[in-house]
Amino acid sequence: MVDLKTTYMGLQLKNPLIAGSSGYTETVEMMKQLQDAGAGAVVLKSIFEEEIMMEMDHTLRESGKEGFDPGVFDYYDYKIKDNYLTHYIKLIKQAKEALSIPVIASINCVSGHEWPYFAKQLEEAGADALELNVFTLPTNTTRSCAETEQLYFDLIQKIKATVSLPVSLKISYYFNNLASFIQRLSDSGIDGLVLFNRFYSPDFDIESFKVTSANVLSSPDELYLPLRWIAVMSDRVSCDLAASTGVHDSEAMIKQLLAGAQAVQIASVLYSSGVHVIKTILDGLEEWMDKKGFASVDDFRGKMAQSRSDNPELYERVQFMKYFRGMDQG
Ligand SMILES: Cc1cc2nc3c(=O)[nH]c(=O)nc-3n(C[C@H](O)[C@H](O)[C@H](O)COP(=O)(O)O)c2cc1C
């Protein structure tokens with residue numbers, strides 16, 4: 001028998017497979033199914049700052065039609081945020097009652113000012129940890145990289161000063177000097193970093209000239225970007241790393257653990273294969289550990305991190321050079 005137990009941000013997990021934030025973690029019934037299928041923890045569907053802002057916008061526009069009274073702004077601001085928060089707090093409380101695995105709340109924010117207060121409420125509702133998903137596409141040509149990065153450090157500082165539960169940050173790879181940024185984030189007091197978030201992308205319908213949405217679900221080929229960065233960074237950070245994007249089977253999960261991930265999140269594969277895929281992935285992991293003679297996850301975690309490689313340059317190779325010359329010509 002192999003031992004799959006692990007810790008992630010100080011939480012005890014029966015295994016390193018986490019159901020990441022998605023529609024599958026939006027109701028307690030679905031989360032119960034994820035737990036029954038074997039998930040080590042769940043990250044709740046995020047509470048979205050943008051969604052709250054959009055509802056505010058809509059409500060204010062509607063109220064404006066009858067003659068805008070600036071006094072209503074504060075009222076709606078409070079009312080709408082309170083509705084969203086109340087609903088989310090109820091979800092956390094119900095999830096905590098129904099589940100025995102850790103429940104990680106998730107905040108998706110684009111600004112910093114009110115989220116420390118929200119985070120406190122989520123902690124009081126019983127969340128075991130908090131995952132912050134902070135991102136705006138860097139399309140603003142007047143904002144410097146340093147200014148963008150500072151938003152993250154300010155938010156972490158404010159949230160860590162407000163709550164005592166473990167906090168992780170789910171980031172994208174759209175940063176200048178990514179290794180340095182990841183390392184500085186890990187030194188900022190954050191407990192975990194999730195590499196990487198995957199974004200909704202626009203696509204074009206060339207018949208109707210409409211903007212549509214490109215692949216909502218990831219493909220297994222998307223594993224390699226986070227795999228490289230987990231392998232490069234796992235021995236250089238002072239917090240736990242969780243892998244996200246492109247994990248669709250046990251082989252992908254094993255690779256991320258070999259790269260040094262403390263935990264691995266899945267979302268798309270739940271949609272394409274159903275919750276039972278969790279058991280299939282865990283069975284595959286156990287079988288592989290058994291075959292390789294690893295008794296616990298710690299026995300092989302990080303075994304293929306860049307820092308432990310005899311050929312660290314392979315992890316930084318980006319140009320095809322001679323390797324695919326045949327393919328180029330074909
Ligand atoms: C339908 C769907 C909904 C998602 N909703 C959220 C969300 O609310 N918050 C969040 O941080 N990530 C969300 N994600 C992103 C996933 O948590 C995950 O980071 C991403 O899909 C990459 O992992 P995957 O390749 O296993 O899908 C969502 C993903 C999908 C497919």
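Here, residue 1 is the first one in the sequence, and each next residue gets the next number. Ligands are counted one by one from 1 in listed order, and the atoms in each one are counted from 1 as well.
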So which protein heavy atom does [atom] come closest to, and at what separation?
{"atom": "atom 6 (C) of ligand 1", "value": "Ser21 O, 3.3 Å"}
{"atom": "atom 30 (C) of ligand 1", "value": "Ser22 CB, 4.2 Å"}
{"atom": "atom 9 (N) of ligand 1", "value": "Ser46 OG, 2.6 Å"}
{"atom": "atom 1 (C) of ligand 1", "value": "Tyr271 OH, 3.3 Å"}
{"atom": "atom 10 (C) of ligand 1", "value": "Asn133 ND2, 3.3 Å"}
{"atom": "atom 27 (O) of ligand 1", "value": "Ser268 OG, 2.5 Å"}
{"atom": "atom 26 (O) of ligand 1", "value": "Ala267 N, 2.9 Å"}
{"atom": "atom 8 (O) of ligand 1", "value": "Lys45 NZ, 3.0 Å"}

Would you say the side chain of [Y] lies within less than 4.5 Å of the side chain of [X], judging by non-hydrogen atoms?
{"X": "Asp36", "Y": "Lys32", "result": "yes"}
{"X": "Lys45", "Y": "Tyr88", "result": "no"}
{"X": "Phe204", "Y": "Thr212", "result": "no"}
{"X": "Gln265", "Y": "Val247", "result": "no"}

Under 4.0 Å from any heavy atom of [X], which atoms of ligand 1 are there?
{"X": "Arg198", "value": "20 (C), 22 (C)"}
{"X": "Leu217", "value": "31 (C)"}
{"X": "Lys170", "value": "10 (C), 11 (O), 12 (N), 15 (C), 16 (C), 17 (O), 18 (C), 19 (O)"}
{"X": "Ser244", "value": "18 (C), 19 (O), 22 (C), 23 (O)"}
{"X": "Gly246", "value": "24 (P), 25 (O)"}
{"X": "Ile266", "value": "26 (O)"}
{"X": "Ser218", "value": "24 (P), 25 (O), 27 (O)"}

NZ/NE/NH1/NH2 to OD/OE distance under 4.0 Å, Glu251 and Lys255: yes
Electrostatic pair Arg301-Asp298, nearest N-O below 4.0 angstrom: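 Yes, Arg301 and Asp298 are salt-bridged.
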Geometric class of the Trp288/Phe294 ring pair [parallel <30°, tilted 30-60°, perpendicular >60°]: tilted
Geometric class of the Phe199/Tyr174 ring pair [parallel <30°, tilted 30-60°, perpendicular >60°]: tilted
Close approach, Val269 and ligand 1, non-hydrogen under 4.0 angstrom: no
Name of the residue among Ser268, Ser273, Ser219, Ser218 meeting side chain to side chain donor-acceptor pair (under 3.5 Å) with His248: Ser218
Ignoring hydrogens, what is the shortest heavy-atom contact between [X] and [Y]? Give both atom names and the distance.
{"X": "Val2", "Y": "Asp290", "result": "CG1-N, 4.0 Å"}
{"X": "Arg198", "Y": "Asn215", "result": "NH2-O, 3.2 Å"}
{"X": "Gly38", "Y": "Asn15", "result": "O-ND2, 2.7 Å"}

Structural part of [X] in contact with ligand 1, heavy atom criterion under 4.0 angstrom:
{"X": "Thr245", "result": "both"}
{"X": "Glu222", "result": "neither"}
{"X": "Val43", "result": "neither"}

Heteroatom proximity flag, Glu131 to ligand 1, N/O under 3.5 Å: no
